[in-house]
Amino acid sequence: MNVVEPTRSPRYRLVDQDDLIMCSCLDAKGLFIDIPQEAAPPYELIGCTLSQQLLDYLNGSNRYRRRNPLDLGDLQVVDAMGEYPGGFWIGGQIIDWCASERGSSLIDLTVDAPMGRPSSVSEPIWECWRAGWPESPGLWAEYDAEGRRAWIEVVAGCTFHRSRPPDDLPGATYELEGAPVIDETSFYLAIGEAINGAGGYFGWNLGALADCTSGGFGATTPFTLIWCHSDVARSHLTERFEEENGQKSPPFFDLVVELLERRGVEVVLC
């Protein structure tokens with residue numbers, strides 16, 4: 001196998017757990033799934049240009065590969081400028097490879113990664129983000145519940161794969177547009193954009209929300225959150241969770257407000 005430059009811009013690149021690029025790929029086949037993660041079949045990385053490390057691994061003997069295992073890390077989505085807006089942890093193992101039809105000396109890899117696979121619903125959203133970061137907030141509101149979950153999957157995948165600016169100073173005020181907040185996912189999408197603008201992230205579950213209030217995600221407590229049209233969320237975020245003592249929790253809306261206030265956020269409902 002010889003390493004050559006691809007005939008067109010790569011769409012993905014595979015990195016190891018130290019973020020060293022193992023290969024760039026013209027495309028992927030079977031990556032996005034709509035079945036349970038544990039049942040996901042292997043997927044293919046098409047038209048790959050290999051790093052020397054990966055080249056040595058594939059050219060080595062079975063004994064060499066056992067002694068020098070690959071630690072697959074993230075699969076990064078590459079945009080038209082050769083940068084990457086985000087990606088997702090993929091893990092898994094390379095189980096097969098062959099010459100690619102995309103170009104002489106390019107390689108197709110087959111990767112067995114039953115966990116960490118992105119949902120099929122998120123594929124068109126990733127394609128939109130590949131073309132550029134969202135220019136205005138609330139674009140997720142046009143999606144159904146499954147689409148909103150896919151959107152926050154992309155938001156999280158992009159947030160954790162790009163450098164973030166310093167947090168705002170304590171005492172800042174943010175405005176959450178609550179009209180489209182009709183479920184738990186839409187709340188996280190709305191607060192993410194309230195704090196960090198279009199496509200912004202500020203947690204995807206209660207634990208992550210608490211972590212974000214500790215700093216590193218755009219805001220520094222204490223700060224003020226003005227929750228506009230909070231009555232919409234109050235009427236929709238009514239789910240109660242079973243607690244350790246067997247009792248039901250307060251409605252999700254109340255849980256969120258309580259958590260934020262406990263973490264130093266003044267929540268103004270309007």
Side-chain angles (χ1 to χ4, degrees), residues 1-120 122-123 126-127 129-130 153-154 156-164 208 211 216:
M1 301 179 190
N2 297 314
V3 180
V4 300
E5 290 298 318
T7 56
R8 59 184 178 88
S9 299
R11 294 170 60 81
Y12 300 96
R13 63 188 188 193
L14 182 65
V15 303
D16 65 14
Q17 295 187 14
D18 294 321
D19 287 335
L20 297 176
I21 298 175
M22 304 181 70
C23 67
S24 59
C25 319
L26 297 181
D27 212 340
K29 180 180 179 181
L31 172 64
F32 296 87
I33 58 172
D34 54 8
I35 59 176
Q37 294 274 346
E38 60 273 12
Y43 69 94
E44 295 180 76
L45 296 176
I46 307 297
C48 300
T49 300
L50 309 181
S51 69
Q52 190 61 51
Q53 176 193 10
L54 184 52
L55 190 65
D56 291 342
Y57 177 84
L58 299 184
N59 280 331
S61 63
N62 289 335
R63 181 180 181 184
Y64 175 87
R65 287 192 288 272
R66 286 194 300 270
R67 290 186 171 184
N68 299 274
L70 291 176
D71 294 321
L72 302 187
D74 294 335
L75 189 65
Q76 300 173 344
V77 177
V78 181
D79 63 21
M81 302 299 293
E83 302 295 331
Y84 66 99
F88 27 85
W89 179 85
I90 206 68
Q93 296 180 330
I94 295 175
I95 59 174
D96 199 9
W97 54 93
C98 64
S100 177
E101 296 181 354
R102 295 295 185 93
S104 59
S105 300
L106 295 181
I107 303 299
D108 292 346
L109 303 174
T110 302
V111 182
D112 186 14
M115 305 302 291
R117 302 278 283 277
S119 67
S120 59
S122 72
E123 185 173 10
W126 274 112
E127 289 305 308
W129 284 56
R130 190 196 298 275
E153 175 185 315
V154 175
C158 290
T159 297
F160 289 97
H161 290 82
R162 67 196 298 258
S163 59
R164 296 187 291 273
D211 289 342

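Note that the coordinates shown come from a computational prediction; the quantities given were computed from them, not determined experimentally.
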Closest non-hydrogen atom pair, G73 against W89: O-CD1, 3.6 Å
Salt-bridge present (R130, E123; N to O < 4.0 Å): no
Neighbour count >12 (heavy atoms, 6.0 Å) for atom CD, E127: yes
Nearest non-hydrogen partners of Y64 and D56, listed with the distance: CE2-O, 3.5 Å
Gap between atom SG of C25 and atom CZ of R13 - 0.5 Å precision: 11.0 Å
CD1 on I21 to CG on L14, rounded to 0.5 Å: 10.0 Å
Contacts of P114 that satisfy side-chain contact (heavy atoms from CB on, under 4.5 Å) - sequence neighbours left out: D112
Qualifying residues under side-chain contact (heavy atoms from CB on, under 4.5 Å), relative to D19, sequence neighbours excluded: V15, D74
Under 3.5 Å: donor-acceptor pair, side chain of S51, backbone of M22: yes
Shortest non-hydrogen separation from S100 to I46 and the atoms involved: OG-CG2, 4.3 Å
Residues in side-chain contact (heavy atoms from CB on, under 4.5 Å) contact with R63, at least two apart in sequence or another chain: S61, R66, R67
D16 side chain to D18 backbone, donor-acceptor under 3.5 Å: yes
For residues 26-36, which side-chain N or O atoms pair as donor and acceptor with protein atoms under 3.5 Å away, sequence neighbours left out?
none

Exercise: identify the closest heavy-atom pair between G47 and D108: N-OD1, 2.8 Å
Gap separating the CE atom of M115 from the CD1 atom of I90, nearest 0.5 angstrom: 10.5 Å
Straight-line distance of C23 SG to L55 CG, nearest 0.5 Å: 11.5 Å
Pairwise distance CG(L106) to SG(C48) - rounded to 0.5 angstrom: 8.0 Å
Between W126 and Y12, ring centroids under 6.0 Å: no
Side-chain touch L109/I95, heavy atoms, less than 4.5 angstrom: no
Modelled atom types, side-chain donor and acceptor of S122 and E153, under 3.5 Å: yes
Note, L58 side chain near W97 side chain (heavy atom, < 4.5 Å): yes
Contacts of Y57 that satisfy side-chain contact (heavy atoms from CB on, under 4.5 Å) - sequence neighbours left out: L54, R65, L70
Residue pairs involving residues 76-96 (criterion salt bridge (Lys or Arg N to Asp or Glu O under 4.0 Å); sequence neighbours excluded): none
Minimum side-chain heavy-atom gap L75-F88 below 4.5 Å: yes
Approximate separation, where rounding is to 0.5 Å, of I94 CD1 and L45 CG: 7.5 Å
